[in-house]
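Since this is a predicted model, take the numbers as computed values, not measurements. Naming convention: chains lettered A, B, ... in sequence-line order (proteins, then strands); numbering from 1 in each chain.
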Protein chains: 8
Amino acid sequence: MEIKEILKAVKDGDLSVDEAVLKLKIKPFQDIGYAKVDIHRELRQGRPEVIYGAGKTVEQITGIIETMQENGQDNVLVTRIGKAEGEAIKAHFEDVRCHPEAGIAIKGRNKKVSGIGTVLVATGGTSDIPVAEEAALTAEFFGNKVTRLYDVGVAGLHRLLSHAEEIMDASVIIAVAGMEGALASVIGGLTDCPVIAVPTSVGYGASFEGMSALLSMLNSCASGVSVVNIDNGFGAGYIADMINHMGVE
Amino acid sequence: MEIKEILKAVKDGDLSVDEAVLKLKIKPFQDIGYAKVDIHRELRQGRPEVIYGAGKTVEQITGIIETMQENGQDNVLVTRIGKAEGEAIKAHFEDVRCHPEAGIAIKGRNKKVSGIGTVLVATGGTSDIPVAEEAALTAEFFGNKVTRLYDVGVAGLHRLLSHAEEIMDASVIIAVAGMEGALASVIGGLTDCPVIAVPTSVGYGASFEGMSALLSMLNSCASGVSVVNIDNGFGAGYIADMINHMGVE
Amino acid sequence: MEIKEILKAVKDGDLSVDEAVLKLKIKPFQDIGYAKVDIHRELRQGRPEVIYGAGKTVEQITGIIETMQENGQDNVLVTRIGKAEGEAIKAHFEDVRCHPEAGIAIKGRNKKVSGIGTVLVATGGTSDIPVAEEAALTAEFFGNKVTRLYDVGVAGLHRLLSHAEEIMDASVIIAVAGMEGALASVIGGLTDCPVIAVPTSVGYGASFEGMSALLSMLNSCASGVSVVNIDNGFGAGYIADMINHMGVE
Amino acid sequence: MEIKEILKAVKDGDLSVDEAVLKLKIKPFQDIGYAKVDIHRELRQGRPEVIYGAGKTVEQITGIIETMQENGQDNVLVTRIGKAEGEAIKAHFEDVRCHPEAGIAIKGRNKKVSGIGTVLVATGGTSDIPVAEEAALTAEFFGNKVTRLYDVGVAGLHRLLSHAEEIMDASVIIAVAGMEGALASVIGGLTDCPVIAVPTSVGYGASFEGMSALLSMLNSCASGVSVVNIDNGFGAGYIADMINHMGVE
Amino acid sequence: MEIKEILKAVKDGDLSVDEAVLKLKIKPFQDIGYAKVDIHRELRQGRPEVIYGAGKTVEQITGIIETMQENGQDNVLVTRIGKAEGEAIKAHFEDVRCHPEAGIAIKGRNKKVSGIGTVLVATGGTSDIPVAEEAALTAEFFGNKVTRLYDVGVAGLHRLLSHAEEIMDASVIIAVAGMEGALASVIGGLTDCPVIAVPTSVGYGASFEGMSALLSMLNSCASGVSVVNIDNGFGAGYIADMINHMGVE
Amino acid sequence: MEIKEILKAVKDGDLSVDEAVLKLKIKPFQDIGYAKVDIHRELRQGRPEVIYGAGKTVEQITGIIETMQENGQDNVLVTRIGKAEGEAIKAHFEDVRCHPEAGIAIKGRNKKVSGIGTVLVATGGTSDIPVAEEAALTAEFFGNKVTRLYDVGVAGLHRLLSHAEEIMDASVIIAVAGMEGALASVIGGLTDCPVIAVPTSVGYGASFEGMSALLSMLNSCASGVSVVNIDNGFGAGYIADMINHMGVE
Amino acid sequence: MEIKEILKAVKDGDLSVDEAVLKLKIKPFQDIGYAKVDIHRELRQGRPEVIYGAGKTVEQITGIIETMQENGQDNVLVTRIGKAEGEAIKAHFEDVRCHPEAGIAIKGRNKKVSGIGTVLVATGGTSDIPVAEEAALTAEFFGNKVTRLYDVGVAGLHRLLSHAEEIMDASVIIAVAGMEGALASVIGGLTDCPVIAVPTSVGYGASFEGMSALLSMLNSCASGVSVVNIDNGFGAGYIADMINHMGVE
Amino acid sequence: MEIKEILKAVKDGDLSVDEAVLKLKIKPFQDIGYAKVDIHRELRQGRPEVIYGAGKTVEQITGIIETMQENGQDNVLVTRIGKAEGEAIKAHFEDVRCHPEAGIAIKGRNKKVSGIGTVLVATGGTSDIPVAEEAALTAEFFGNKVTRLYDVGVAGLHRLLSHAEEIMDASVIIAVAGMEGALASVIGGLTDCPVIAVPTSVGYGASFEGMSALLSMLNSCASGVSVVNIDNGFGAGYIADMINHMGVE
């Protein structure tokens, strides 16, 4: 643990008390006014940084990316941005790919694929695809093999069952659905791998902008299902990556 | 239409104006103070009367039954009563059967079985059985053949699929489920007959006493699913009877 | 049942194991990337396919219609589309009728009228008409005779009562209302046929975008009332068709 | 206005400044520790005092009554008390009548009947009667003629219509209903007098303890309907009295 | 009562049975397709008709006004319309006044002022004025003297108290307030006339678009306060008129 | 700052690295299995410890008190306990005072009174007193002069205004009210000191167990009002103490 | 107290009764039609006036400022205005500074800095800054030294802990956060000064526009945390000023 | 995949068509009337069966265990039972251990410990321990090493930070907290392993029985946090086991 090393350096006289206090404080991030950028994250966690773009200007986003770049972080995932923001970021850096349907821009490269197995991303309907893509692209960025299985909602069970093999072979499954959100329970009952349920705000009337799917998924009678926030594809992709890399160097 | 006949009788002098007014008013029910008992219903609708027992004393319930009896209605369904109330009613009349697990007492006989086909009552779990029995006994009381299919929740899809034949053969299906309420959608996707969804208050936490299942069922992506109030087994049985007797004399 | 026939063909050597597995999987739908189109539905259920247009582009919708056409499904109902989308679809196929007030486009013909009787569609006010038309056009598309009874809200009871005959003659009634949603209960008390209640998002303030009408309808003290999602005219029309064709070849 | 008279007395030397300050402060109520009893109300408003019994001990209630009595207020209405509390109060004072079904005890006499006309109290069902009685007894206590019309819910419209005359003759109507609360709208549409709607907590499931009836009544499409809190029979009776005595000496 | 007279006419031979049935049906309104216009209301209730403009086109509104005019109803109140709609109506009829701040247009004249006393309309803040004007103009249209008392919210109690005389002299008070909605309770405690509380959607955050004010007003500890829907100024003005004309010919 | 001193001791050789790590960890609390007792709080913050009694057994509470006692903390406030629990604690230690009406037991002495001025605790009604006492006793325990002003709800404004002097003289005010919770706004408008609003669960129906008062208080149009959780008298008393001791040694 | 002085003047003959009544009424504010402007506030409370700009036109705002100016109030804070409104106000008066990011315009000068210590304003993320600036500028306007600590959300605890000294040195802390709102609890646990929590509407999905942060803050397990309305930066700044000036002349 | 093997056996003549159909249907569970017991689960998933005890009688539970035993499943976890039910089950089978504090009974042995690392179970307070124990015992039953870290809520951050090493060493963390539920975010920010958040119904007032903690956790700004239903300790333990055994034979 780090604190111990710093204390040891103090004891050995390699570090003065004031230097130690300073070190404990300034080390992990760089303050650029509108944000405190974590510049050690890739080192600490072996995982590149992510910028949550919603509510940030293009200037702020590019500023954060530059700070990262200066600190040796070349690969950055930006989420929740519009098409125009994506284009503007692309114009600023050489190596940016945009995925406007998913609200994502990626600077640099995805990590090399590794992990225990495959991350399966399934959706109930066509309208759930943007959220699913946010999840899928996130998982790919962090170095996972991803299979997409879209429009397999439970009202046409044969569409889902005809893919039973992919479902049973997956290492982690991300189930993305709006409306009644039953997809997570049915998939949870068909497999024995962890299922991350993502309610979407797709629907109308008593779907209450994802509330119905959210409650449905939280109450899933299938074991092995955990839930993230409505439309939080990124969160699901991030957790899937964590799980798919359990015990992997 | 009745109003026309009364008017005709007035014109023909067979009825005075005041008598006609009176007739229009007193005909359909008898006022016994704490309730206005509908005594013509079986004649008008070919359907025996039902007493919603919740919030009524045994004295009130037996009083209503007696008023019916005096007007020739011998078969009565009483819902939402406790075991003790059921016993007390049984002690009062000769021909009463009690179903305490479903909160139901039946005086007299069920109607003779008729209808287009079978009413299937399915539940997600064991705890949904009381609500399902309220539905099943109601449908039987009104003269329907009922099949019960309990504990076939979607988390163990094989349990449900192994009964695909019963599901596809049913004339109307009542899907009773708490928690995430996905049963209605899955059944709705497997069949082409009307599905009446009954959310139950079974569950805990974010099931919010049936709210989760209710929203889930209202948002069902399967066509052909309509919904009744939480725990309203009686309502579902009543509608199933209506549908199963469509076009039947 | 189909699975049995496939198994029989395997036994008889008419089908290899792998072919059987394939058959079980690819048969019921065709995957066109953004959607898995059910191409056997009209055969299986005697009911033409429906496209839920919300959240789909004109290209996706016409693509799905073409896939259907190639598989012999000439009659298609498209719901929840804007006026411009409707025009675009009409420009693409010869035989399209648009109903912009109801958000509907119909390719091909309605089914020939059949069924036990008439489907009555009633609304509380003028603003509920778009949802009512979605229901009425759906029921007509599937081959039902439909009577419209608009602006008969309970606050002017004489407007409703003056149509008592139509109400009592109907085979199924769809009651469409926003605000306090009492129409369903009052109609449910006047008739003995199934009533499908459609809450609408019409209203303001404490109507909470249809929530008030929805709760009101779920709590209806009239038996025989079941409920669909807020503004779900299509769902109501679909169920009405099912019920009106009970026992009908 | 009072403040002017006190100021005038100060000017005329009939009152010292400190006495005036005191007068302005101590006049309207007497502080008995656990409550500040309004002892001038009957004088000021011609209306006897009411004690809201919920959450008060018998000792507190009798203490308040005694304080009133000492100040010449002999007639007191106590609401929201249990049967035992009522008996205990009766044992304490000579002239107490208890109405346990309505949670009410009355010390002394009702005011002599006056007012423009009749207050009609209607309920949707039998279970709404306790709330209705709270309203009716309150209106009677304050000197109104009250007509009761119970169990006339809209699901059996003939029960309500057969009393059209009482409804049209009433001066003010209190409509008490749980579940879907449609009674207020239907009555509001039949009459042109003010309707005070009282939602009750009667119902189950999606009635959410009166919420459904409350929203329904607030959204009433009938003009002339205003609403009080769930189960607030007293409030409705109080307002009905105010309205029925408009312009009456 | 009318039905009796019709029956009498039938008996006397002045009316055939079929004519009587017809009369009962067509009498009270005229069906113009998109609406069923009540053309006898002014006769029956001594009160001109009102058109709720929200969700109606200018064509529909002018069509309804014309139908009224043809039936001798010259004075019409139109509520919930935009400025443009108001101008368009004004261009169509000679005698129209527009009040865009309140969303109101008035064709013809207000009724002559009558009633027991004054209707006081008070608001908590400046932003509540549009709703208050809807109430005030409605009450004036129906023939009431109206006093306006705006921006007297409880956070600056002296502003309210300095108008104690107007408050105590009023016959009915309409209390219009958003945010915490305390105005109704404080006014209710200062007066002994009926108070109609109108919650407004003014506020932000946890005001939840009027929900906070609505709940606050429903829970008012002051007796004599009843509540209408959020922003329902018209409803409040209508009820105030009813109350202010109690017992008045 | 403490961390610096520990580092300094390490540098000076007065503390080994491992001892330092240990010190940083074990210092501030003692782990007694079911709780981690903060034993330095009185030293660090000059404020005795408090035990939140809800959900703890008498054994756990006395165990925690003993741990404190052993560490020199003699004065302890226990909140949210029943009468029986209070008696049991009293039986265990010599110097315990119980306040069952407020759910409080105090071991040892209150701190000596100090602070800028007076903490005023006001309630809307009699039923709010238990919550108010929790606040008042807490403030007294921490060494504040407390004035109680109970049953001064806004529906009887004169009761509140007659105490204007106490209100204006207070240093901090705690406004405790259920139902519509208007007390906080009115007091906030009368004074210029900080007001801490405590919504209570007192009320029925649409008070939704304190929700109405909570929303009302959060939306207060009076500046200077902040809010704590429903029924959280302790929290209010604690904050009042903080504020009343601002800048006081 | 003022009322006593007025009464004394009446007694001494220095004031007639009618003048006294008038004085009591017109003194504290000036009615300019659309608003009742408090013109004595700075005198009474030593605090300049604030205009809540939302829902007011530029004309109304400048009118209110002019009324204040005429009465000697030169320093005015205007909140909740857009950039355009700010520019328009600036064009109208000489000495206006605009802070469009915070929706604030300030006419005149901030009060001279005084107070016990520093007001610390902390945010969880970058998107919370506008609300935080509303709080910070308000506190500065009223004469407080303000420290800003932005983007220190709990998910990167080191960012917060590295500022432990500022946190512990503050006199009052305003914790501004959306999403899960945990910042208030963690800061509350690190310090012993009052913490004012401001939930923001920043977030998506189940944040329900600030509801999640609001509930989280109300349930804070840290003592010393009180809460204001969602996004109410002004309110927090105002209370912080009150607390930071406790006992200060 | 199993279906393929059955088809192969049919082809090879080892299985008749009817036998195959039967096999597909009856294989996976045994119907004992009140439940359909999954008797192949341990084989299929390498995981013993679990009985959700809530709403089941002792007879039903023991019946299900016996059915399992007869099918060779000797190790069974029973959750959500009372102390009495636990004792009754213990009396029925030889090898039952009861954990009444967690509502759990275990028949047979826990699986042998395996897995990638340690499952850490942390709670915010003492009252969260029952839910935490449900999680911990579940994880142990399925063969995981579990570390417990109780009463480390964020309001006393030092308690949590002093265990930084355990937190950073864990393989999966289960964060159990009620009230504001901030524990999950803070832990999520301190570690890089998956965090499963369990909101508990611990709290009062605006905690709304776990709703506050649930929303807080869903909105966690820390990546890597997924959520299960309120009080669902079992679900969290089950998922932790899945994750801790990723890639482990």
Side-chain angles (χ1 to χ4, degrees), chain D residues 2-3 21-41 44-45 49-57 59-61 63-64 79-80 103 131 134 178 198-202 208-215 217-218 227-236, chain F residues 83 99-103 121-133 136 147-169 176-183 186 190 200-213 215-216 231:
Chain D
E2 271 177 317
I3 184 171
V21 169
L22 201 71
K23 217 169 193 67
L24 283 164
K25 280 183 187 161
I26 68 165
K27 234 192 39 169
F29 59 85
Q30 185 164 329
D31 196 328
I32 56 170
Y34 46 85
K36 308 212 183 320
V37 184
D38 192 331
I39 56 182
H40 281 209
R41 187 172 169 142
R44 280 203 326 269
Q45 305 188 339
E49 186 60 278
V50 177
I51 300 171
Y52 175 71
K56 296 208 178 73
T57 62
E59 288 67 36
Q60 289 178 319
I61 295 172
I64 295 173
T79 66
R80 302 272 162 138
V131 176
E134 191 185 278
V198 190
T200 70
S201 52
V202 165
F208 295 122
E209 317 204 322
M211 184 58 140
S212 168
L214 171 62
L215 291 181
M217 287 166 167
L218 284 168
V227 186
V228 295
N229 196 357
I230 297 164
D231 292 335
N232 188 5
F234 165 74
Chain F
K83 199 172 171 177
H99 299 266
E101 79 287 3
V121 182
T123 74
T126 302
S127 326
D128 303 313
I129 293 180
V131 176
E133 279 299 310
T147 306
R148 286 152 171 90
L149 195 56
Y150 292 166
D151 194 21
V152 292
V154 301
L157 210 54
H158 53 283
R159 297 181 303 186
L160 185 65
L161 294 180
S162 73
H163 290 277
E165 244 160 314
E166 283 100 319
I167 293 170
M168 289 179 183
D169 285 359
V176 183
M179 302 174 98
E180 94 273 59
L183 186 66
V186 173
L190 287 175
T200 69
S201 52
V202 166
Y204 63 91
S207 79
F208 295 122
E209 318 206 319
M211 184 57 139
S212 168
L215 292 181
S216 191
D231 291 336

| Do the side chain of D:Asn229 and the main chain of F:Ala206 share a donor and acceptor less than 3.5 angstrom apart? | yes
| field | Validation row: F:Phe208, D:Glu209 side chains within 4.5 angstrom (heavy atoms) | value | no
| field | Proximal component of F:Val202, with respect to chain D [non-hydrogen, under 4.5 Å] | value | neither
| Gap separating the OG1 atom of F:Thr126 from the CD1 atom of D:Ile51, nearest 0.5 angstrom | 10.5 Å
| note | When every non-hydrogen atom of D:Ala54 is compared with those of F:Ser127, the smallest separation belongs to O-OG, 4.0 Å
